[in-house]
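Below, chains carry the letters A, B, ... as their sequence lines are ordered, and counting in each starts from 1.
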Amino acid sequence: MTERVRLLTLYPDELNIYADRGNLLFLRKRCEWRGIEFEAKEAGPGETFSPEEADLIYIGGGQDRDQEAVGADLLETKGEAVTTFVEMGKPLLAVCGGFQLLGRTWSSGDGEARDGLGVFDVTTERGTGERLIGAVAVETNLLDERLLVAGFENHAGRTRLDAGATPFGTVIAGYGNNGEDGTEGVLRRNSIGTYLHGPLLPKNPRLADLLLALALSPTDPNPPGLARLEDSLEMAAHQEALDAALRNRRNRNRRSRVQTS
Amino acid sequence: MPELRASLARAIGGLSRISGRGGGTTLPGRAMLVLDPSALERLGGQLTDGSVLVSATNGKTTTAAMLSRMVEESGQRVLANRAGSNMPWGIVTTLLDDREALGLFEVDEAWLPEVAGSLRPRLIVLGNLFRDQLDRYGETESIASSWARLVEGLGKGTVLAANADDPLIASVAADSPGRVLFFGIEDEGVALDKPPHAADARRCRRCGGRLVFDRSYLGHLGEYHCPACGLARPAPDLVATEVELHGAEGVSATLTLGATEFRLDLPLPGVYNLYNALAAIAGAVALGIDVEEARLALESLPPVFGRAEPIHLAEGEARIFLVKNPVGANEVLRSLDQEEGPLDLWLALNDRIADGRDVSWIWDADYETLAGKTRSVVCSGSRAAEMALRLKYAGVNSESIRVDREIGRSMVTALGAATGTLYALPTYTALLELKDYLAEHRDLEPFWEGPGQ
Ligand SMILES: [Zn+2]
């Protein structure tokens, strides 16, 4: 039997601001090169889906107006299916706005609190300070594997984890959830919420492959390895993104030294 | 006192040039604004022929250069800001030198409200608003809102030349108390099959409903309407039809303005440059310049560095196209797609502040059109590997891609590997580095104007 990954993207027309399409392209190509059948499905406003129809869900970020346009629709038409999907242990990746929408509450452009789906045990408030923008590097542990993950963040929201919630990673350079507690994103079963875009997966091929492995066998605690690919360009791009984040950290340290001296 | 402050500010600029620390093009203005925060308003008020502002995400440098040439050919003196000086301090620097002219300034999108508020210009040319450097500008919607507040507060004396095909620009311009000259394209032949991925502004600014595009020409520019509230694209006063694209060489079209109709042969490629030309002609008309004169000025336009200009080097010929956001990249790729392959390419991606620290935009541009069409590819810049990775996932043969972060050296390699014309696609600071390198090693500087954004 041929292996198959069915990727479902939620609101691709509304939530795509940070080149989210790069994440989907990356997953597709890495399946094709391995002879894994790849099927891309979409669910926009008003459309429903069943958790059995998908192996991997992706939800990206959008402009304020777009995020507000889909926020209520997510609860009404897809809430139950997304929650069931995550609780089945299937992998979901939610980036930036999508991450906020899946938390318990999030904040609209004018600062009003809105109900999120509550799949992730986090709350997001609109920050009073500046937007948190820049290259990020985080350290994470997925399927017992230590990973350095690089990306770019750009968010006004400050996200806080509930007590007992697990972050996606620990910030090495950059701001993360709120710029204060050193956490980045959230993990729930095999699902990830994160602020890292850039897009995330092309800069982190190992993370992309772990998601694909989980999509192929979500209930196996040690999913079978995927065929190796020639990844020298991928690793060079990963290193460039890590370097950008570390450079960013050095500059920030230098600035703060100047300010305090 | 003002004169003393101006001399002091100029002296500071002179010192910075002599000391070789750079910044001579904006430092006097920065100093002046510290000494006199109202310098822009005060000095701008002394311009003998008033001022004109040009702003857009893409093409403002080209549009301003076009309009400048039209005004000069009509016999008026023009005071223009140098490229890269399109924020208040850059304009103040320019004003310190001369005020007996028409001030014609390209202005950074985010600074347009402040600059216009100080200068109270005779004319503002509004080209387009695209997703660009989200890490600096934020969402296009928030820029559009700041422009809307600016336009509502304009006096009746300010004319707008505005792009009817950009729903953000059109809805902003519609509320102007003064005269508005709309320009646009109407030609099924150059319409895209569907709006590209990088399209913004799919929502109506008035009601938030989803816009329907009957034709898309470039990003979200096209013929559109809002079924929810009935908002329609304004009928353009200046319209281009019968558009013919001639690859990297140029574009021609029939232009109609009232009872006047003429054919324009533009020596710059692509639908994007046709939009720049329409913006400049509409601006010229608003200034009372004869359309025929404007056309002649355009057709004899000297090349601007980084804008498709061919350069001849010992190693071969290169054509350089500045690329800085997905919509701009798509337009360049569209011009390249019309060239006979296989192509020799040099792509340089930097992630400095002026490029946007966030390089995610390359994943939104349609590099897929290059798949199967390349002979040699060299990727350069601080994010050379990411550029190469994008091409690999676009279907370009990864074994034909070389990665070298050094701008100058990689350009020489690319020229050596090229059999035909080398198409060079640098981001903004990569273009500046390339210009410096070529000036130092090839003595080409005197022919070029610097690149702006
Ligand atoms: Zn509407």
So for Asp358(B), is it side chain, backbone, both, or neither that comes closer than 4.5 Å to the heavy atoms of chain A?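 Interface part for Asp358(B): both.
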
Which atoms of [X] come close to chain B, meaning under 4.5 Å heavy atom to heavy atom: side chain ones, backbone ones, both, or neither?
{"X": "Asp64(A)", "result": "both"}
{"X": "Gln239(A)", "result": "neither"}
{"X": "Ala156(A)", "result": "neither"}

Using a strict cut-off of less than 4.0 Å between a Lys/Arg side-chain nitrogen and an Asp/Glu carboxylate oxygen, indicate whether Arg28(A) and Glu39(A) qualify as a salt bridge.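 Salt bridge absent between Arg28(A) and Glu39(A).
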
Output yes when Asp243(A) and Arg383(B) qualify as a salt bridge under the 4.0 Å nitrogen-oxygen rule, no when they do not.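 Result for this pair is no, no salt bridge flagged.
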
Could you tell me whether Trp33(A) and Phe38(A) have their ring centroids closer than 6.0 angstrom?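 No, the ring of Trp33(A) stays outside the 6.0 Å limit from the ring of Phe38(A), centre to centre.
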
Does the gap between the ring centers of His220(B) and Phe213(B) come in under 6.0 Å? no

Main-chain N/O of Ser382(B) paired with Asn350(B) side-chain donor or acceptor, under 3.5 Å: yes

For Arg375(B), check side chain to side chain donor-acceptor pair (under 3.5 Å) against everything at least two apart and list the hits.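 Here the qualifying residues are Asp344(B), Thr419(B).
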
Using non-hydrogen atoms and a limit below 4.5 Å, what part of residues 202-209 of chain A faces chain B? Pro202(A), Lys203(A)

Would you say the side-chain atoms of Thr194(A) and Glu184(A) include a donor-acceptor pair closer than 3.5 Å?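 Per modelled atom types, Thr194(A) and Glu184(A) side chains form a pair under 3.5 Å.
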
Does the side chain of Tyr11(A) pick up a donor-acceptor pair with the side chain of Glu42(A) at under 3.5 Å?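 There is no such pair between these side chains.
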
Ser142(B), Ala384(B), Gly208(B), Ser398(B): which one forms the most heavy-atom pairs within less than 4.5 Å of chain A?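 The answer is Ala384(B).
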
If we define contacts as heavy-atom pairs under 4.5 Å, which of Gly198(A), Gly151(A), Ala236(A) has the most with chain B? Gly198(A)

Do the non-hydrogen side-chain atoms of Leu192(B) and Arg334(B) ever get within less than 4.5 Å of each other?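 Yes, at least one pair of side-chain atoms sits under 4.5 Å.
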
